[in-house]
Structures are given as C-alpha cells and as structure tokens.
Amino acid sequence: MRHVDVLIIGGGPAGISAAIWCKRLGIDCLLLEEQSQLGGQLFNIFNEIIDYPGMRTKNGIEMQREMVKHFVEMDCLYEVNTKVLFIDERSKTVKVKKQAKKQEICYTYLILATGSSQRKLGVPGEQQMIDRGEVYSASADGERLKGKTVAIIGGGDRAFEGAHLLSSKAREVYLVHRSTRFKAREQYVERIISNPCIKVMTDTEVTAIHGDRHVTSIDLESKNKEYKNKEYKNKEYKNLLVDAVLIRLGVAPNVDLIKGKVATAQNGLIVTDDVHQSSNPFIYAIGDSCTTPLFSSISSSAGQGAIVAKHVSSLLND
C-alpha cells in the first residue's frame, strides 16, 4: 500500500496552492485530480480576472496555465484521471480508481480541496440537457445564443449578470425565479427590472425541461401569478417555448465523499477551525468545500492552501 504524509484531493487553486506549499516545506505530498487537467473551476471563468494580486489574466484558462506551470516547475507530485471512490477515516486510507486499476493510498493527513458544483433544478429533462452538452456561459456563448429565446433560472448575481449580457444578443430573455426576493445586488436588480428586453417571472418554478435533441420548452408553475410581463398574469401554468436554459442556482460543496465522517453545516459546507482542520484532527478542508459562496475567491482558496500546509508541517515536525 502506498503511503504519503499529505494527500490532497482536488486540483483547483486551493489544492494547487496546498501542494506547492507542501513541496516548499519538504512534505511528502500527493495531489489527486479526477479530471484530465488541473485547474478545477478556472475552466469555467470566461471573464477577465483582475483581483488576484500580482497576476492579471484575460480569463480562467490563462490563469490555469500560469498556476499549473508554477506547480509543475515546483515538481509537485500529482495524478490526474484519478477518481476517489472511498475515504476510510478510521484506517486513514483512500481507495482510488485510475482507468480500470484500483489502489489504496494511506495518508497521515488528508486535505480536501474538492470544490463545489452548480446546483441543479432536479426536474425531468435537466440531466438529458446537460448530457447533450447544452451548458452555456452568458459571457462566452453570446454569439451561439444570438437571436435565440433564452430562459435563465435563478435570482442571484450570476443570473442577473447573465440576463444583462444576453439581453443584447438573444431575441428574448426570461429570468425565472422561485421567489419575489432576489439575492442579487440591488444595482443588478434595478438594471434588469428596467430592461424592456428581459421578462422577469417571480414566484415561479420550472417543473420540466423538454427536448430530445435540443431544448424546445420549459414547464412553469406560478405560486401567486406575480409576473412582470402582464401577458402571463392569472395563468398558473405555462409551457414556455425556449431555445436554451441557463441554470444559475448557485453552487453546492462537493462533500459526498466525506458525509458522515466529519461535521458539516446545514448548507453542506465542511466545518473547520482557523487552520482549516475539520472535526477529524487528521482531515482538513480548503476552498469551496468549506467556504461560504459569498466569500469564495481564487485568492482565499490559495491562502487557505498555504495555511493548512504550514500547520501540517508544524505537526509533522513536532
């Protein structure tokens, strides 16, 4: 059985930072990443990144290249295309699968940098839409959606930003939200509400997404019939013809592997202390797996990786 002092699960900015710091501090460390490349959610950032100190990049892919270059130059040990199947916190082992081969890795300390994923609606037709590759970015796919009818589901900043960006490209934009209260910043709300090209549907839920080869329509159910666009008033149920659906319900931490093994908050985040130690003294969490989305950033993830590596180094050297 293979043994490492520190095992990191997740190759986004948090995991990359932790591995670099472990290497710098002389810690025997291995990073595992399920995807074929390191970078995590950096691949989903299409806008310019202007708030990471000392590094200004035109998008997340450019930042991914810079971070991975640093990581590789530091000669950090890592494996991609490696899926973690099970964590046994009692024996301090992790079962992994790479291609068809399974193995076990024993650790002294485990760092979870598993990140987060987009929340889903959980309605019929949604997964089929995703499996067909109908997942869009408002900033990157404006031309693909030009002249189309688009529904954006959500009430936060990302939903409102997406509606604003697509309002100049799409033929029609519907913003559908299950409440009358929005989490988006007030300036975003005012801009969208006053935009005649965007139809805002509040207290409305999507109950199904239709389409075999591509999205054709969505089913809507209204709680109180409070629609901005008056043509839908007094109609409790509507089948709305659309060409694309953008789901913007926020994110959920990727913590399925560790559920029941460490304490988690009501929102699913792993509970950690000031050095990012979980309720298990040998397991740490960094990045989006333990950070409230409001405070999540590339900078904070990188900083948390450094904190954990320094703390674990002090424990190993005691």
Side-chain angles (χ1 to χ4, degrees), residues 10-12 33-47 59-61 64 80-85 97 99-100 114-178 197-201 204-221 237-254 256 288 293:
E33 169 55 49
E34 183 175 352
Q35 303 303 318
S36 60
Q37 298 183 75
L38 301 178
Q41 293 192 64
L42 290 176
F43 290 104
N44 299 323
I45 301 175
F46 300 97
N47 54 283
N59 52 41
I61 294 174
Q64 182 267 350
V80 294
N81 294 316
T82 304
K83 181 178 178 62
V84 177
L85 302 174
K97 179 180 180 182
Q99 296 174 342
T114 48
S116 60
S117 301
Q118 295 298 316
R119 291 187 186 275
K120 295 181 180 179
L121 285 166
V123 301
E126 177 183 28
Q127 192 57 51
Q128 290 87 336
M129 176 186 74
I130 295 170
D131 292 343
R132 291 194 301 267
E134 292 184 78
V135 179
Y136 302 102
S137 162
S139 54
D141 294 318
E143 288 303 314
R144 289 178 64 191
L145 297 173
K146 190 172 183 179
K148 305 288 188 180
T149 299
V150 179
I152 299 179
I153 319 301
D157 283 354
R158 194 160 174 240
F160 275 74
E161 284 183 296
H164 173 70
L165 288 170
L166 292 176
S167 65
S168 62
K169 298 283 186 179
R171 182 166 59 88
E172 287 184 293
V173 176
Y174 294 89
L175 181 67
V176 183
H177 186 43
R178 63 184 179 182
C197 298
I198 301 171
K199 298 179 175 66
V200 179
M201 298 178 167
T204 303
E205 294 190 25
V206 176
T207 57
I209 298 173
H210 300 288
D212 294 326
R213 297 184 180 179
H214 55 81
V215 169
T216 57
S217 65
I218 56 176
D219 288 344
L220 300 175
E221 187 173 341
Y237 187 87
K238 182 71 181 180
N239 179 264
L240 185 66
L241 299 179
V242 296
D243 301 300
V245 178
L246 282 70
I247 300 170
R248 299 292 184 263
L249 302 177
V251 296
N254 297 325
D256 286 348
D288 288 352

field: Sub-4.5 Å side-chain heavy-atom contact between Lys148 and Glu172
entry: no

task: Supply the atom-to-atom distance Leu85 CG to Lys97 NZ, rounded to the nearest 0.5 angstrom.
output: 7.0 Å

- prompt: Would you find a donor on one side and an acceptor on the other, under 3.5 Å apart, between the side chain of Glu126 and the backbone of Gly122?
  reply: yes

message: Just verifying a value: how many Å separate Leu220 CG and Tyr174 OH, rounded to the nearest 0.5 Å?
response: 9.5 Å

- line: Distance col, row Cys197:SG vs His164:NE2, nearest 0.5 angstrom, shows 11.0 Å

message: Show the nearest heavy-atom pair for residues Gly155 and Phe160, with the distance to one decimal.
response: O-CE1, 3.6 Å

query: Does one side chain, of Ser139 or Glu161, offer a donor that lies under 3.5 Å from an acceptor on the other?
result: no

task: Specify the closest pair of heavy atoms between Asp141 and Tyr136, including all atoms of both residues, with the distance to one decimal.
output: OD2-CA, 3.3 Å

query: Do side-chain atoms of Glu33 reach the backbone of Val80 as a donor and acceptor pair under 3.5 angstrom?
result: no

field: Distance-only side-chain donor-acceptor flag, Asp219 / His210, under 3.5 Å
entry: yes

query: Where the side chain of Gln64 meets the backbone of Phe43, is there a donor-acceptor pair that is under 3.5 Å apart?
result: no

statement: Residues Ser217 and Asn239: closest non-hydrogen pair is OG-ND2, 3.3 Å

Nearest non-hydrogen partners of Arg248 and Leu246, listed with the distance: NH2-CD2, 3.4 Å

task: State, to 0.1 Å, how close Ser116 and Gln41 come at their nearest heavy-atom pair, and which atoms those are.
output: OG-NE2, 3.0 Å

- line: When every non-hydrogen atom of Ala151 is compared with those of Val242, the smallest separation belongs to CB-CG1, 4.1 Å

- request: In sequence, state the C-alpha distance, the side-chain angles, and the governing distance for His177 and Met201, and then conclude on side chain to side chain contact (heavy atoms under 4.5 Å, CB included).
  value: CA-CA 6 Å; His177 186 43; Met201 298 178 167; over 6 Å; no

message: Under a 3.5 Å distance rule, please check whether Arg119 uses its side chain to pair with a backbone N or O of Val251 as donor and acceptor.
response: yes

Distance-only donor-acceptor check, side chains Asn254 and Ser117, under 3.5 Å: yes

- prompt: Is Ile153 close to Leu121 at the side-chain level, that is, under 4.5 Å between some pair of heavy atoms?
  reply: yes

- prompt: Does atom CZ of Arg178 have more than 12 heavy-atom neighbours from other groups under 6.0 Å away?
  reply: no

message: Whether the Gln118 and Arg158 side chains hold a donor-acceptor pair (N or O, under 3.5 Å, no angle test) is what I'd like checked.
response: yes

query: Looking only at atom types and distance, does a side-chain atom of Glu134 sit under 3.5 Å from a main-chain N or O of Val215, one as donor and one as acceptor?
result: yes

field: Pairwise side-chain contact, Thr207 with Ile218, heavy-atom cut-off 4.5 Å (strictly under)
entry: no

query: With a 4.5 Å limit on heavy-atom distance, are the side chains of Asn59 and Ile45 in contact?
result: no

- request: Any chance you could lay out the side chain to side chain contact (heavy atoms under 4.5 Å, CB included) test for Val176 and Val206, step after step, and finish with the verdict?
  value: CA-CA 8 Å; Val176 183; Val206 176; 4.3 Å; yes

- prompt: Can Leu166 and Leu145 be said to form a side chain to side chain contact (heavy atoms under 4.5 Å, CB included), step by step?
  reply: CA-CA 8 Å; Leu166 292 176; Leu145 297 173; 4.0 Å; yes

task: Return yes when atom CG of Asp131 has more than 12 non-hydrogen atoms of other residues, nucleotides or ligands closer than 6.0 Å, and no otherwise.
output: yes

message: Please evaluate residues Val245 and Met129 with respect to the criterion side chain to side chain contact (heavy atoms under 4.5 Å, CB included), reporting the C-alpha separation (whole Å), side-chain torsions for both, the decisive distance (0.1 Å), and the verdict.
response: CA-CA 9 Å; Val245 178; Met129 176 186 74; 3.9 Å; yes

